[in-house]
Amino acid sequence: QVQLVESGGGLVQPGGSLRLSCAASGSILSIYDMGWYRQAPGQQRELVATISSGGSGYYADSVKGRFTISRDNAKNTVYLQMNSLKPEDTAVYYCNADVRGSTFFRRNFWGQGTQVTVSS
């Protein structure tokens, strides 16, 4: 199986920065797209940013210019650098990955989530 473990969440003041990390482990041959989603209380889960295996990024309009997604393919890890944080960025952030494994061709996996709270 495959596990995704997020880290880096926490409490930050408006205008501050945080860097999230998500490491994938298990029976992995390769990882296709990786991404970050978030879910605020009472809201649906929404896309924040995705990145292809070749490094092409896609961002939701709400985070363009403030967030940067990157990945280290050698470490099976994806990052989300979040700058100029706003209270409306408060949510649980989830890592997502499309994986080719040793026993399956392609499956989608989620991490357990990490809380990001932006408040003064």
Assess whether side chain to side chain donor-acceptor pair (under 3.5 Å) is satisfied between Glu6 and Gln112, documenting all intermediate values.
CA-CA 7 Å; Glu6 301 107 331; Gln112 81 286 354; 3.3 Å; yes
Problem set entry | Candidate pair Leu47 and Tyr59, rule side chain to side chain contact (heavy atoms under 4.5 Å, CB included), full reasoning | CA-CA 8 Å; Leu47 171 70; Tyr59 299 90; over 6 Å; no
_Using side chain to side chain contact (heavy atoms under 4.5 Å, CB included), reason through Val78 and Ile69 one step at a time and then give a plain yes or no._
CA-CA 7 Å; Val78 63; Ile69 190 169; 3.8 Å; yes
Test log, rule side chain to side chain contact (heavy atoms under 4.5 Å, CB included), inputs Met82 and Leu18
CA-CA 5 Å; Met82 305 185 293; Leu18 281 175; 3.7 Å; yes
Kindly indicate, with the supporting measurements, whether the criterion side chain to side chain contact (heavy atoms under 4.5 Å, CB included) is fulfilled by Glu46 and Gln44. CA-CA 6 Å; Glu46 63 175 5; Gln44 289 188 333; over 6 Å; no
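Taking every heavy atom of both residues into account, Asp33 and Ser52 meet most closely at OD1-CA, 3.3 Å. Looking at every heavy atom in both residues, Ser119 comes nearest to Pro14 through C-CD, 3.6 Å. When all heavy atoms of Arg106 and Asp98 are compared, the closest pair comes out as NH2-OD2, 3.4 Å. Taking each heavy atom of Leu29 and Gly101 in turn, the nearest pair found is CD1-O, 3.4 Å. Shortest non-hydrogen contact noted between Ile31 and Ala97 is CG2-CB, 4.1 Å. Annotation for Gln39 and Gln43: closest pair NE2-O, 3.1 Å, computed over non-hydrogen atoms.
Judged by the 6.0 Å distance and 45° axis criteria, Arg100 is not positioned over the aromatic ring of Tyr32.
Between Trp36 and Phe67, a ring centre-to-centre spacing not shorter than 6.0 Å is recorded.
Cluster membership check: Ile51 shares its hydrophobic cluster with Ile28, using side-chain heavy-atom separations under 4.5 Å among Ile, Leu, Val, Met, Phe, Trp and Tyr. Val116 is connected to Leu4 through a chain of hydrophobic side-chain contacts under 4.5 Å among Ile, Leu, Val, Met, Phe, Trp and Tyr, so both are in one cluster. Hydrophobic clustering, with ILVMFWY side chains joined whenever heavy atoms are under 4.5 angstrom apart, groups Val118 together with Val48.
Here the side chains of Val12 and Thr117 are not in contact, with every heavy-atom distance at 4.5 Å or above.
Screening residues 64-75 for side chain to side chain donor-acceptor pair (under 3.5 Å), with sequence neighbours left out, gives Asp61-Lys64, Arg66-Asp89, Arg71-Asn73.
A donor-acceptor contact closer than 3.5 angstrom links the side chains of Tyr93 and Arg38.
With a 6.0 Å radius and a threshold of 12 heavy atoms from other residues, nucleotides or ligands, Phe104 has its CZ atom above the threshold. The neighbour count for Glu88 CD, taken as heavy atoms of other residues, nucleotides or ligands under 6.0 Å away, is above 12.
Atom-to-atom distance recorded for Gln3:CD and Cys22:SG is 11.0 Å, nearest 0.5 angstrom. Of the inter-residue distances, the one linking Asn76 atom CG with Ser25 atom OG reads 8.5 Å to the nearest 0.5 angstrom.
Checking side-chain atoms of Asn96 against main-chain N and O of Phe109 turns up a donor-acceptor pair under 3.5 Å.
Taking the six-membered ring where tryptophan is involved, the planes of Trp110 and Tyr37 are perpendicular, since the angle between them exceeds 60° and thus also 30°.
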